[in-house]
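Order of listing sets the numbers, starting from 1, for every ligand and every atom in it. Throughout, numbering of the chain's residues begins at 1 and tracks the sequence.
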Amino acid sequence: NEFCAAVGGGSGGCGVGGGGGGDGRRILIRGGTVVNAHRVEEADVYVEDGVIVAVRPNIPVGDDHVKVIDATGKYVMPGGIDPHTHLEMEFMGTVTIDDFFSGHAAALAGGTTMHIDFVIPVNGNLTAGLESYKQKAEKSAMDYGFHMAITKWNDDVSREMETMVKEHGINSFKFFMAYKGSLMVTDDLLLQGLQKCKSLGALAMVHAENGDAVAEGQQRMIDLGITGPEGHALSRPPVLEGEATARAIRLAKFVNTPLYVVHVMSIDAMDEIAKAKREGQRVIGEPVVSGLVLDDSWLWDPDFMIASKYVMSPPIREAGHNKALQAALSSGILQLVGTDHCTFNSTQKAFGSDDFRKIPNGVNGIEERMHIIWDSMVETGRISVSDYVRVTSTECAKIFNIYPRKGAILEGSDADIIILNPERSFVMGAHTHHSRSNTNVYEGRKGKGMVEVTISRGRVVWEDGILNVVPGSGRYVRTPPYSYLFDGIEKSDAAYRASLRAPVKRGKAAA
Ligand code: URP
Ligand code: ZN
Ligand code: ZN
Ligand code: ZN
């Protein structure tokens, strides 16, 4: 009946009303190259009521209810999923300037149709934190999920973690090993948290920097009279990221639970992940766009307004780290790309004009990610188009257990779709972006490949450079526990327990 496009239509009231653009419920994307992480094919994609209904060649249109989009010569791909953002987050005495509306508008204009944001507890209380983020998300314009930070430890927190997983659809918890005096956790807390995560089938995530040593490094810079943004990079060198990454990996190994390392910024941290993977440990490494394509030279810019834009933690590293992270992404050592979108405008950045320790940490990226990764990774031949889909969308959907509803162009998947024209070029900057910030760390950056159309759950929200976003139209996507990363954990625990009593061990001890 309503599947008119595919049957040639014309019957049962089809073909009445509507007109040129259709009624908005049905879309046929014709003639494009459909890219999934598992295969690339020439096919049409038919969407009805927010869901992908058919993916195959030559789907006929017989009905003017259907909006037809010509994708000849273009790539039709799953919308991006950003695993790491901070919208309307209270942080370092201020609040990030993009909220769940402006952040979503920016995301959609850049081809990202879902993100997972970090709920920050209120005075350590998870329920209060979730309530606050639910309110913030009332103006959402695209689908979103939540991770939750754990900032203190007691029986209530432990119980609330269970409630978050079982009742509120949160399957990941983040532990900050830095930000001493605010978000930082001790090793003791991290260990308790890892064990609790394991018992719930929830993924533990870490911001890996040694926060005690960072505080020491900051004091060193102040003692030397270095108060500008370059002091930020100098005070928290890669060795502190490598150390914390190694520590978190070893604790996760001790507990035998999967670990997700957010914003891998240095070779030091990446090498620890590579080593753990070589040894068979389940560790996910997430590079972010800024770490993949920028370098720390910006932090030495004599203009504070420029230099301070680039202050984020862990810091953007010396040139060389970025290319090594790109190589690690190509070879699968790092698995998916986030942004850590955490924007502060120049007035907020100026809070630290006389002391780098007061510059709010964070950079933009939610709008730029899909374009920069296409240009720097696909356009240069570093990864294939199907790997592009994997690192920008599919892998995130799998890790957070929402695949194939998200992260795929398949029958039955949500119609979160982008159409990318590989022949068009882009130029980025604060004058054209959709973030509320008045600055952009990619100011003036040019590249190839342009997201011309974004479809969010079956609605065309970005086309011909025009955004059509509706506050309140986004939906919360629950992320269930026990993703594929947990498959086999019980077996390996059992094997370990058995090995403790193995005769060969006793034999050795006796010998
Ligand atoms: O500088 C950063 N990364 N700001 C956001 C908070 C975090 O550490 O992810
Ligand atoms: Zn019809
Ligand atoms: Zn972080
Ligand atoms: Zn972050």
Side-chain angles (χ1 to χ4, degrees), residues 82-99 103 115-121 129 133 144-151 172-185 190 203-211 214-215 218 229 231-233 235-236 238 240-241 244-245 248 259-266 269 284-292 294 296 298-299 307-317 325 336-345 348-349 351-352 356-366 369 396 435 437 439 441:
D82 190 337
H84 187 158
T85 58
H86 303 278
L87 300 181
E88 206 179 327
M89 177 178 61
E90 287 161 48
F91 189 51
M92 296 184 75
T94 182
V95 184
T96 59
I97 195 144
D98 279 320
D99 60 20
H115 72 121
I116 313 181
D117 207 88
F118 291 90
V119 172
I120 309 292
Y133 271 74
Y144 60 93
F146 286 141
H147 314 286
M148 181 160 294
I150 299 298
T151 54
S172 43
F173 295 95
K174 180 177 181 185
F175 302 87
F176 288 92
M177 300 168 79
Y179 304 122
K180 191 174 182 178
S182 61
L183 300 169
M184 184 172 117
V185 301
L190 179 57
L203 183 58
M205 309 172 83
V206 285
H207 170 130
E209 283 185 292
N210 186 314
V214 167
Q218 290 176 327
H232 179 73
S235 64
R236 44 208 306 161
L240 302 188
E241 190 189 346
T245 305
L259 182 72
Y260 182 114
V261 183
V262 306
H263 49 41
V264 176
M265 297 296 281
S266 63
I284 306 285
E286 168 209 82
V288 291
V289 180
S290 52
L292 287 166
L294 299 174
D296 72 350
W298 292 102
L299 290 162
S308 61
K309 286 198 291 185
Y310 297 88
V311 169
M312 67 167 287
S313 295
I316 295 165
R317 306 299 186 182
L325 295 173
L336 76 167
V337 179
T339 60
D340 200 4
H341 185 83
C342 182
T343 45
F344 300 102
N345 65 18
Q348 294 173 299
K349 288 282 184 179
F351 295 161
F356 68 83
R357 294 173 299 182
K358 298 184 193 148
I359 302 171
N361 289 194
V363 300
N364 61 290
I366 201 168
R369 181 180 72 124
C396 183
S435 157
S437 179
T439 68
V441 293

Quick check for you: to the nearest 0.5 Å, what is the distance between [X] atom [atom1] and [Y] atom [atom2]?
X      : Y      : atom1 : atom2 : value
Thr439 : Tyr310 : OG1   : OH    : 8.5 Å
Ser437 : His341 : OG    : NE2   : 8.0 Å
His84  : His263 : NE2   : NE2   : 4.5 Å

For [atom], the protein heavy atom that lies nearest, with its residue and separation:
atom                   : result
atom 9 (O) of ligand 1 : His86 NE2, 3.1 Å
atom 1 (O) of ligand 1 : Ser313 N, 2.8 Å
atom 7 (C) of ligand 1 : Tyr179 OH, 3.5 Å
atom 3 (N) of ligand 1 : Asp340 OD2, 2.5 Å
atom 4 (N) of ligand 1 : Asn361 O, 3.1 Å

Backbone of Glu209 reached by a side-chain donor or acceptor of Glu241 within 3.5 Å
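Answer holds: no.
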Quiz item: Would you find a donor on one side and an acceptor on the other, under 3.5 Å apart, between the side chain of His86 and the backbone of Asp340?
Solution: no
Which atom name would you report as the N, O or S atom of His207 nearest the Zn ion (ligand 3)?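 Of all N, O or S atoms in His207, the Zn ion (ligand 3) lies closest to ND1.
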* To do: Classify the angle between the aromatic ring planes of Phe146 and Tyr144 as parallel (below 30°), tilted (30 to 60°) or perpendicular (above 60°).
  => tilted
### Message
Tell me whether the rings of His207 and Phe176 are parallel (<30°), tilted (30 to 60°) or perpendicular (>60°).
### Response
tilted
Just checking: His84, one of its N/O/S atoms, less than 2.8 Å away from the Zn ion (ligand 4), yes or no?
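True for His84.
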Counting backbone and side-chain atoms alike, is an N, O or S atom of Cys342 positioned under 2.8 Å from the Zn ion (ligand 4)?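 Not a single backbone or side-chain N, O or S atom of Cys342 is under 2.8 Å from the Zn ion (ligand 4).
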I need the atoms of ligand 1 closer than 4.0 Å to a non-hydrogen atom of [X], numbered in the order shown.
X      : result
Gly362 : 1 (O)
Lys174 : 9 (O)
Phe176 : 7 (C), 8 (O)
Met312 : 1 (O)

So if I apply the side chain to side chain donor-acceptor pair (under 3.5 Å) rule between Thr343 and each of Thr85, Asn364, Asp98, which one comes out positive?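 Running side chain to side chain donor-acceptor pair (under 3.5 Å) over Thr85, Asn364, Asp98 with Thr343 returns exactly one hit, Asp98.
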Could you check whether Tyr179 and Phe91 have their ring centres less than 6.0 Å apart? yes
The Zn ion (ligand 4) has as its nearest N, O or S atom from Asp340 the atom OD1
Residue-level breakdown please: for Met265 versus ligand 1, do any non-hydrogen atoms fall below 4.0 Å on the side chain, on the backbone, on both, or on neither?
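For Met265, no heavy atom sits under 4.0 Å from ligand 1.
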